[in-house]
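In what follows, every heavy atom counts, from backbone to side chain, and hydrogens, waters and symmetry copies are set aside.
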Amino acid sequence: MELTVNQIAFLASGTVEGDGQAVISSFAKIEEGKPGTISFLANPKYEHFIYTTGSTAVLVARDFKPSRPVAATLIRVDDPYATVAYLLTEVQKMLNPPRRGVEQPAFIHPEAEVAEDAYIGAFAYIGRGAKIGAGAQIYPQCYVGDGAGIGASTTLYAGVRVYHGCRIGERCIIHSGAVIGADGFGFAPTEHGYDKIPQTGNVVIADDVEIGANTTIDRAMMGSTTIGRGVKLDNLIQVAHNCFIGEHTVIAAQAGIAGSAKVGEWCMIGGQVGIAGHINIGSRAQIAAQSGIQKSVPEGARLFGSPAIDLRQYGRQAVNVKNLDSLYARVAALEKELQGK
């Protein structure tokens with residue numbers, strides 16, 4: 001990548017203060033900036049770095065007022081953090097443009113439908129009746145089962161498995177090792193052991209979803225396991241059969257969601273959170289890392305702990321626990337004093 005500051009400012013709808021002809025070749029954190037790099041300042045606590053950074057240019061808010069001289073060229077924008085995300089996306093498109101065509105060897109069933117401008121990587125398998133949308137990117141060693149659907153401009157990175165009948169929307173990103181549509185964990189106990197309950201449903205993933213590496217989303221026993229529009233799932237997450245995750249919810253790594261749980265819209269769920277089956281998580285709930293959710297959660301709740309409680313209550317309890325040693329010593333001293341009287 002080589003762009004001038006002026007070109008970057010044009011892309012970002014920003015204004016330049018300094019050398020607009022300076023050349024930028026890469027991005028860097030503001031504390032690690034070097035000549036030829038561009039950084040950003042979004043959090044005021046990092047402001048001190050802008051006076052010492054080696055970056056050639058820095059994205060700052062339009063109302064940023066430096067307290068002393070800044071050597072770097074400034075690009076003033078409405079939202080530096082959102083702008084750097086946009087620029088990184090545009091640069092990625094330039095450096096890795098969409099691929100087209102079918103690499104060999106790959107297997108595409110004669111009854112599959114593959115758009116002319118889609119990309120099918122080597123050793124990929126496209127099953128009978130599968131549909132691959134316009135501009136979709138199916139990287140090497142992917143498996144798309146019979147009757148599965150992959151929407152336009154969706155990317156399946158190497159080694160993704162999409163089982164039969166599952167549907168993935170448009171502009172989704174599925175990272176390597178993810179498995180979409182494996183059987184849900186359904187077994188009926190009998191006197192001889194456990195009889196498998198056929199999982200006859202599927203998984204439906206809406207548009208603009210991103211799913212991390214080695215995350216698994218199980219197919220429904222009946223109906224669909226559903227992932228709403230704009231959901232972002234980190235690596236190593238388990239979503240069990242018949243779950244529903246609402247639009248724009250984000251879930252961090254190693255979380256586990258048991259069967260038939262329903263998660264609302266715009267929720268934020270931390271890493272290693274465990275959610276019991278058949279409960280509801282209200283929209284815009286925030287659940288801190290390693291929390292255990294055993295019952296339904298109201299809309300807008302902020303929870304921490306296992307079993308999870310209100311975040312403010314947890315904070316008060318944490319302070320009390322921290323003071324237990326001194327409290328014990330005071331009580332022991334008082335008992336000793338009373339016994340001496």
Side-chain angles (χ1 to χ4, degrees), residues 1-20 22-96 155 171-173 175 207-213 228-235 247-253 255 265-271 283-289 300 302 311:
M1 181 193 81
E2 280 199 358
L3 296 171
T4 66
V5 170
N6 282 337
Q7 288 173 322
I8 292 173
F10 176 78
L11 287 172
S13 300
T15 57
V16 176
E17 291 182 13
D19 184 4
V23 175
I24 303 298
S25 59
S26 63
F27 294 82
K29 294 191 293 185
I30 193 168
E31 64 270 29
E32 299 175 357
K34 298 178 181 178
T37 64
I38 183 170
S39 302
F40 71 100
L41 176 63
N43 191 327
K45 75 177 184 179
Y46 295 110
E47 180 182 335
H48 61 282
F49 286 119
I50 201 171
Y51 306 112
T52 59
T53 186
S55 296
T56 296
V58 180
L59 295 161
V60 298
R62 295 192 189 277
D63 59 357
F64 171 66
K65 296 179 181 179
S67 60
R68 56 183 189 270
V70 177
T73 293
L74 301 183
I75 303 177
R76 294 187 178 273
V77 295
D78 292 334
D79 184 338
Y81 191 71
T83 298
V84 78
Y86 166 75
L87 291 174
L88 285 167
T89 301
E90 294 303 303
V91 169
Q92 185 179 48
K93 289 178 182 177
M94 288 186 279
L95 296 178
N96 187 27
T155 297
R171 299 176 302 279
C172 294
I173 300 172
H175 288 278
D207 298 341
D208 302 305
V209 170
E210 182 158 353
I211 296 172
R229 181 171 60 92
V231 166
K232 312 300 180 187
L233 302 181
D234 200 356
N235 304 328
E247 294 185 357
H248 304 296
T249 282
V250 293
I251 305 178
E265 300 177 355
W266 293 100
C267 292
M268 301 177 70
I269 298 174
S283 294
R284 298 187 183 275
Q286 298 180 19
I287 302 174
R302 301 176 68 215
L311 184 61

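Looking at L3 and E90, their side chains never come closer than 4.5 Å, going by heavy atoms from C-beta outward. With contacts defined as side-chain heavy-atom distances shorter than 4.5 Å, the pair L59/L87 qualifies.
The two residues G33 and S55 have their closest heavy-atom pair at CA-OG, 3.1 Å. Residue A28 comes nearest to S39 through the heavy atom pair O-OG, 2.7 Å, listed as atom of the first residue, atom of the second, then distance. The nearest pair of heavy atoms linking E265 to S283 is N-OG, 3.0 Å.
With rounding to the nearest 0.5 angstrom, the NZ atom of K93 is 12.5 Å from the CG atom of L88. A distance of 15.5 Å separates NZ of K29 from CZ of F27, quoted to the nearest 0.5 Å. Atom CD1 of I50 and atom CD of E31 lie 12.5 Å apart (nearest 0.5 Å). Considering NZ of K34 and OG1 of T56, their distance stands at 12.5 Å, rounded to 0.5 Å. Between the NZ atom in K232 and the NE2 atom in H248 there is a gap of 8.5 Å [rounded to 0.5 Å]. One finds the CG atom of D234 at 12.5 Å from the CD1 atom of I269 (value rounded to the nearest 0.5 Å).
For T15, the side chain to side chain contact (heavy atoms under 4.5 Å, CB included) partners at least two apart in sequence or on another chain are R62, R76.
Just one residue in the list D19, I38, N6, I24 forms a side-chain contact (heavy atoms from CB on, under 4.5 Å) with T73, and that residue is D19.
With hydrogens and angles ignored, the 3.5 Å screen pairs a side-chain donor or acceptor of Q7 with a backbone N or O of T4. The backbone N or O of I173 lies less than 3.5 Å from no partner atom in the side chain of T155, so there is not a single donor-acceptor pair. Not one N or O on the side chain of N235 forms a donor-acceptor pair closer than 3.5 Å with the backbone of A253.
Ionic pairing of R229 and D208 is not present here: no N-O contact between side-chain nitrogen and carboxylate oxygen is shorter than 4.0 angstrom.
Heavy atoms from other residues, nucleotides or ligands lying under 6.0 Å from CZ of R302 number 12 at most.
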Identify all side-chain donor-acceptor contacts of residues 40-49 below 3.5 Å with residues at least two apart in sequence or on another chain.
{"from": "N43", "atom 1": "OD1", "to": "K45", "atom 2": "N", "distance (Å)": "3.1"}
{"from": "E47", "atom 1": "OE2", "to": "Y51", "atom 2": "OH", "distance (Å)": "2.5"}
{"from": "H48", "atom 1": "ND1", "to": "K45", "atom 2": "O", "distance (Å)": "3.3"}

